Amino acid sequence: MARRLLPVGLDFIETAPLRLVFAREVAAPPGAVYRALAEDVEGWPQWFSAVTLARPAGAGADGPRREIRLKGGGRFLETIVAAEPDEVYAYRVDEANAPGVRALLEEWRITPVADGSRVQWTFAADGAVLFLAGLKVGRSGLGRAFRDAVGNLERRLTTAAA
């Protein structure tokens with residue numbers, strides 16, 4: 001059963017009780033990375049192996065929405081809270097079937113580097129003590145999922161450009 005989460009804003013990225021930050025450089029320009037994140041929503045399962053379904057879900061009161069499904073049965077309805085081309089893409093989770101979660105916001109920040117882009121993913125969360133403890137314990141797994149996903153995205157983008 002889906003639960004409504006707190007409707008946090010972009011400032012939650014700085015104030016969340018738990019913030020996990022991961023970064024990696026890729027040999028793809030910021031524009032290509034941004035388009036893959038923000039414009040090719042349905043393409044996420046092709047590079048982020050934890051995602052089994054990603055699709056736009058129309059417009060909500062606060063902006064565009066998307067539906068995400070993960071391996072293991074996680075389901076989320078999200079609202080885009082920031083979409084600045086070539087720089088930042090962020091969304092909050094409005095509904096989730098995960099137990100113990102009160103608020104989630106994810107921010108993908110893209111900065112140009114000499115040979116491509118630096119991609120930084122910030123996962124900001126609030127929830128019950130057990131939920132937050134589980135995220136802390138699972139930090140290395142989330143980091144590995146991020147590194148693998150961004151590596152897959154880099155291969156996808158550099159192959160498409162070749």
Side-chain angles (χ1 to χ4, degrees), residues 1-5 8 10 13 18-60 62-101 103-111 116-125 127 131 134-135 137-162:
M1 169 175 269
R3 278 195 287 266
R4 299 275 312 150
L5 276 58
V8 296
L10 193 56
I13 211 76
L18 179 67
R19 293 176 61 234
L20 303 176
V21 181
F22 308 97
R24 179 174 175 173
E25 289 187 8
V26 297
V33 174
Y34 179 83
R35 283 188 296 279
L37 292 170
E39 297 171 12
D40 185 18
V41 173
E42 292 173 330
W44 278 55
Q46 296 171 18
W47 57 269
F48 205 134
S49 64
V51 177
T52 62
L53 176 116
R55 65 180 170 206
D62 294 336
R65 301 177 92 183
R66 58 187 222 160
E67 177 186 358
I68 302 294
R69 294 189 185 197
L70 303 177
K71 286 182 180 172
R75 294 186 323 267
F76 305 94
L77 184 60
E78 303 168 338
T79 295
I80 310 308
V81 296
E84 299 173 27
D86 306 350
E87 294 179 20
V88 66
Y89 182 64
Y91 44 88
R92 72 160 181 253
V93 177
D94 294 319
E95 295 179 16
N97 66 343
V101 61
L104 283 176
L105 188 127
E106 297 178 40
E107 178 191 70
W108 295 79
R109 191 157 291 276
I110 310 157
T111 53
S117 305
R118 180 178 188 269
V119 181
Q120 177 178 294
W121 178 47
T122 302
F123 187 90
F131 173 75
L135 285 176
V137 168
R139 177 186 175 87
S140 64
L142 281 171
R144 185 172 42 258
F146 166 79
R147 285 187 304 277
D148 291 349
V150 174
N152 291 338
L153 178 59
E154 177 181 35
R155 283 186 290 283
R156 178 180 166 94
L157 294 175
T158 55
T159 300

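All values derive from a computational prediction rather than experimental measurement.
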Worksheet item: If you measure from CZ on Phe76 to CG on Asp94, what distance do you get to the nearest 0.5 Å?
Response: 12.0 Å

Response to the item:
Heavy-atom nearest pair, Ala36 first then Leu157, reads CB-CD2, 4.3 Å

Discussion item. Rounded to the nearest 0.5 Å, what separates atom OG1 in Thr122 from atom CG in Leu105?
Written reply: 9.0 Å

Discussion item. Restricting to non-hydrogen atoms, name the atom on Val8 and the atom on Ala103 that form the minimum distance, rounded to 0.1 Å.
Written reply: CG1-CB, 3.8 Å

Practice prompt. Give the C-alpha distance, both sets of side-chain angles, the deciding distance and a yes or no for side-chain contact (heavy atoms from CB on, under 4.5 Å) between Arg92 and Leu5.
Written response: CA-CA 9 Å; Arg92 72 160 181 253; Leu5 276 58; over 6 Å; no

Item to complete: Taking the side chain as every heavy atom from C-beta outward, state whether Ile80 and Pro64 have any pair of such atoms under 4.5 Å apart.
Response: yes

Practice prompt. For side-chain contact (heavy atoms from CB on, under 4.5 Å), just list the numbers for Leu135 and Phe123, CA-CA rounded to whole Å, side-chain angles, deciding distance to a tenth of an Å, and then say yes or no.
Written response: CA-CA 10 Å; Leu135 285 176; Phe123 187 90; 3.7 Å; yes

Item to complete: Could you grab the distance from atom CH2 of Trp47 to atom CG of Asn152, nearest 0.5 Å is fine?
Response: 9.0 Å

Worksheet item: Does a side-chain heavy-atom distance below 4.5 Å link Ser49 with Lys71?
Response: yes

N/O donor to acceptor pairs below 3.5 angstrom from side-chain atoms of residues 138-150, sequence neighbours left out:
unit_1, atom_1, unit_2, atom_2, d
Arg147, NH1, Gly143, O, 3.3

Worksheet entry | Minimum heavy-atom distance Ala90-Glu107, with the two atoms named | CB-CA, 3.9 Å

Fill in: Check ion pair Glu78-Arg66 (N to O, under 4.0 angstrom)
yes

Worksheet item: With no hydrogens and no angle check, do the side chains of Trp121 and Glu106 hold a donor and an acceptor under 3.5 Å apart?
Response: yes

Worksheet item: Under 3.5 Å, is there a donor-acceptor pair linking the side chains of Trp108 and Tyr91?
Response: yes

Worksheet, complete the sentence: Taking every heavy atom of Tyr89 against every heavy atom of Leu37, the minimum-distance pair comes out as CE2-O, 3.4 Å

Worksheet item: Shortest non-hydrogen contact from Ile68 to Ala54?
Response: CD1-CB, 3.6 Å

Discussion item. Can a side-chain donor-acceptor contact be found between Thr79 and Asp62 if the only test is distance below 3.5 angstrom?
Written reply: no

Item to complete: Mind checking salt bridge (charged side-chain N to carboxylate O under 4.0 Å, His left out) for Arg35 and listing every partner two or more places apart, or none if nothing turns up?
Response: none

Practice prompt. Carefully, step by step, assess Leu77 and Val93 under the rule side-chain contact (heavy atoms from CB on, under 4.5 Å).
Written response: CA-CA 6 Å; Leu77 184 60; Val93 177; over 6 Å; no

Worksheet entry | Any donor-acceptor pair under 3.5 Å from Ser117 side chain to Val26 backbone | no

Worksheet item: To the nearest 0.5 Å, what is the distance between CZ (Arg55) and CZ (Arg69)?
Response: 6.0 Å

Worksheet item: Do Val119 and Val33 have side-chain heavy atoms sitting under 4.5 Å apart?
Response: yes

Discussion item. Suppose the criterion is side-chain hydrogen bond (donor to acceptor under 3.5 Å, both in side chains): which pairs have a residue in residues 19-29, not counting sequence neighbours?
Written reply: none

Discussion item. Salt bridge or not between Asp40 and Arg156? Use side-chain N to carboxylate O under 4.0 Å.
Written reply: yes

Item to complete: Of all the heavy-atom pairs spanning Gly100 and Phe131, show the shortest one and how long it is.
Response: O-CB, 3.6 Å

Discussion item. For the CD1 atom of Ile110 and the CD atom of Glu87, what is their distance to the nearest 0.5 Å?
Written reply: 8.5 Å

